K.L.:
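Take this structure, written in structure tokens, and hold onto it; I'll ask about it next.
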Amino acid sequence: MINFFRRIRKKLADDNQFFKYWRYAIGEIVLVVVGILIALQINNWNEKIKTQENVQAQLTNLIGAIESDVKSYEHLLAQEGFRLHAVKYLLGLAEEEILIYEYDYHKFPNNQWSFMWDKPIPEEYDEEYIRTCLSVLDNGPAGSIINESAISEFNSTGLFSSLKNEELKKKINEYYIYTDTRYVGRSWEYKLDISLQIRDFLLDQHQIDSRRVRDVKGIIELFKNDTVITSKLHILLDNISWSCQTFLNSRQKALQVLEDIKAELQST
């Protein structure tokens, strides 16, 4: 075998072809390296395209989630708007001074709580409306408000960091930070508990079921004479007003983020 390679080397030396084959070998190596680099570049390019397609798919999922948030806000606005008027009405009958609250559920389109009361809101004493007002005292928001499944998936896949539009990324983060600080934690749980406190107080202290009131005149007289009940109603009214304004703000932020996400998808 050694003699075989010696003969090849001698022939190349005798024919003066060594440099010719050396240049050929170098050329082959260069072509292979260039081919590998081109293949890597094409692969990277394809990966970037695939990543951007996945980012767009995640943004589309996010649109669906935030649109469901908007529907939740609208339902809750109708619910809390009705309760706001109900508590104001009861406090008015109890001859309590009431702060001016700007939110008016009649101004909000498609009031979903019209099944509770589909007539004009009475200004004077109305026993049927009083019963309706009492029945919704403890009917505050419950359960999860925000659909976080899409943003959780967006983050867990690592694709959120691949979103190139930094301004859009900032707005999405701000939206979820805002909702997390409003609807998660002890503060939100306390606000939900306020509604139950009045129901439990009436039941425990006065044996009155707010959902099944027979003596309407008697309960209005009770409200007039029991400062504990009226103070709880004032606290409830403040919390409902806060909820209405928060739902309005959340809805506005959600609609703005939706507009920005759709603009991003259209531009890519």
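Because the structure is predicted, anything quoted here is derived from the model rather than measured. Residue indices begin at 1 and follow the sequence shown. These numbers come from the heavy atoms of this one structure, side chains and all, not from hydrogens, waters or symmetry mates.
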K.L.:
Looking at every heavy atom in both Phe247 and Glu80, which two are closest together, and how far apart are they?
P.N.:
CE1-CG, 3.8 Å
K.L.:
Of all the heavy-atom pairs spanning Asp209 and Val213, show the shortest one and how long it is.
P.N.:
O-CG2, 3.5 Å
K.L.:
For Asn61 and Ala150, work out which heavy atoms get closest and say how close.
P.N.:
O-CB, 3.7 Å
K.L.:
I want to check something: taking the side chain as every heavy atom from C-beta on, are Lys119 and Glu128 in contact at a cut-off of under 4.5 Å?
P.N.:
yes
K.L.:
Just by distance, do the side chain of Ser152 and the backbone of Glu148 share a donor-acceptor pair under 3.5 Å?
P.N.:
yes
K.L.:
To the nearest 0.5 angstrom, please state how far the CG atom of Leu76 sits from the OG1 atom of Thr246.
P.N.:
11.0 Å
K.L.:
How close do Val87 and Leu233 get, heavy atom to heavy atom, and via which atoms?
P.N.:
CG1-O, 3.5 Å
K.L.:
Would one find more than 12 heavy atoms of other residues, nucleotides or ligands at under 6.0 Å from atom CD of Gln207?
P.N.:
yes
K.L.:
Mind listing the closest non-hydrogen atom pair of Arg182 and Trp242 along with its distance?
P.N.:
O-CH2, 3.8 Å
K.L.:
Would you say the side-chain atoms of Glu127 and Tyr129 include a donor-acceptor pair closer than 3.5 Å?
P.N.:
no
K.L.:
Indicate, with yes or no, if Leu255 and Leu265 share a hydrophobic cluster defined by side-chain heavy-atom contacts under 4.5 Å among Ile, Leu, Val, Met, Phe, Trp and Tyr.
P.N.:
yes
K.L.:
Same cluster or not: Ile198 versus Leu203, using hydrophobic residues (I, L, V, M, F, W, Y) connected whenever any side-chain heavy atoms lie under 4.5 Å apart?
P.N.:
no
K.L.:
I need the Arg83 CZ to Leu90 CG distance, nearest 0.5 Å.
P.N.:
11.5 Å
K.L.:
When you group the ILVMFWY residues by side-chain heavy-atom contacts below 4.5 Å and let the links chain together, are Ile66 and Ile177 in the same group?
P.N.:
no
K.L.:
Quick one: pull up OG in Ser68 and CG in Asn147 and give me the separation to the nearest 0.5 Å.
P.N.:
4.0 Å
K.L.:
Just one of Leu137, Val136, Asp138 clears the side-chain contact (heavy atoms from CB on, under 4.5 Å) bar with Leu134, so which one?
P.N.:
Leu137
K.L.:
What's the separation between atom CZ in Arg211 and atom CG in Asn139, rounded to the nearest 0.5 Å?
P.N.:
5.0 Å
K.L.:
What's the spacing between Asn165 CG and Ser267 OG if we round to 0.5 Å?
P.N.:
7.5 Å
K.L.:
Working note: Tyr175 + Ile151, criterion side chain to side chain contact (heavy atoms under 4.5 Å, CB included); need CA distance, chi angles, decisive distance, verdict.
P.N.:
CA-CA 11 Å; Tyr175 169 70; Ile151 191 61; over 6 Å; no
K.L.:
One pair to check against side chain to side chain contact (heavy atoms under 4.5 Å, CB included): Gln52 and Lys164. What are the steps and the verdict?
P.N.:
CA-CA 9 Å; Gln52 288 308 307; Lys164 295 180 179 179; 3.5 Å; yes
K.L.:
Going only through I, L, V, M, F, W and Y residues with side-chain contacts under 4.5 Å, is there a path from Tyr176 to Tyr178?
P.N.:
no
K.L.:
Between Lys224 and Glu221, is the salt bridge (Lys or Arg N to Asp or Glu O under 4.0 Å) condition met? List the steps.
P.N.:
CA-CA 5 Å; Lys224 289 180 180 180; Glu221 287 300 315; 3.5 Å; yes
K.L.:
Give the C-alpha distance, both sets of side-chain angles, the deciding distance and a yes or no for side chain to side chain contact (heavy atoms under 4.5 Å, CB included) between Leu159 and Glu153.
P.N.:
CA-CA 9 Å; Leu159 289 168; Glu153 180 182 337; over 6 Å; no
K.L.:
Under 4.0 Å between a side-chain nitrogen and a carboxylate oxygen: does that hold for Glu67 and Lys262?
P.N.:
yes
K.L.:
Which is it for Asp226 and Phe201 under the side chain to side chain contact (heavy atoms under 4.5 Å, CB included) test, yes or no, and what are the steps along the way?
P.N.:
CA-CA 12 Å; Asp226 194 321; Phe201 182 82; 4.2 Å; yes
K.L.:
Between Glu174 and Lys253, does the salt bridge (Lys or Arg N to Asp or Glu O under 4.0 Å) criterion hold? Intermediate values first, please.
P.N.:
CA-CA 9 Å; Glu174 287 176 346; Lys253 289 178 181 295; over 6 Å; no
K.L.:
Working note: Asp260 + Gln256, criterion side-chain hydrogen bond (donor to acceptor under 3.5 Å, both in side chains); need CA distance, chi angles, decisive distance, verdict.
P.N.:
CA-CA 6 Å; Asp260 293 336; Gln256 184 59 59; 3.2 Å; yes
K.L.:
Please confirm whether the backbone N or O of Phe160 pairs with a side-chain atom of Asn155, one donor and one acceptor, at under 3.5 Å?
P.N.:
no
K.L.:
Taking atom CD1 of Ile220 and atom CD1 of Ile130, what is their separation to the nearest 0.5 Å?
P.N.:
4.5 Å
K.L.:
Is it the case that the side chains of Asn249 and Gln245 hold a donor-acceptor pair, with the cut-off being a distance below 3.5 Å and no angle test?
P.N.:
yes
K.L.:
Using side-chain heavy atoms (C-beta onward) and a distance below 4.5 Å, is Ile261 in contact with Glu264?
P.N.:
no
K.L.:
Under 3.5 Å, is there a donor on one side chain and an acceptor on the other for Ser250 and Tyr183?
P.N.:
yes
K.L.:
Are the side chains of Phe223 and Leu91 in touch, meaning some heavy atoms are under 4.5 Å apart?
P.N.:
no
K.L.:
Side chains of Asp126 and Tyr89: do they bring a donor and an acceptor to under 3.5 Å?
P.N.:
no
K.L.:
Between Thr230 and Ala94, which heavy-atom pair has the shortest distance, and what is it?
P.N.:
CG2-CB, 4.3 Å
K.L.:
Any link between Ile98 and Ile229 through a network of hydrophobic side chains (Ile, Leu, Val, Met, Phe, Trp, Tyr) touching at under 4.5 Å?
P.N.:
yes
K.L.:
Tell me, do Thr157 and Asn54 make a side-chain contact under 4.5 Å, heavy atoms counted?
P.N.:
no
K.L.:
Take Glu74 and Lys71 through the test salt bridge (Lys or Arg N to Asp or Glu O under 4.0 Å) and record every step on the way to the result.
P.N.:
CA-CA 5 Å; Glu74 291 176 354; Lys71 291 179 180 178; over 6 Å; no
K.L.:
Side chains of Phe82 and Thr132: does their closest heavy-atom pair fall under 4.5 Å?
P.N.:
yes
K.L.:
So does Glu166 pair up with Lys169, basic N to acidic O under 4.0 Å?
P.N.:
yes
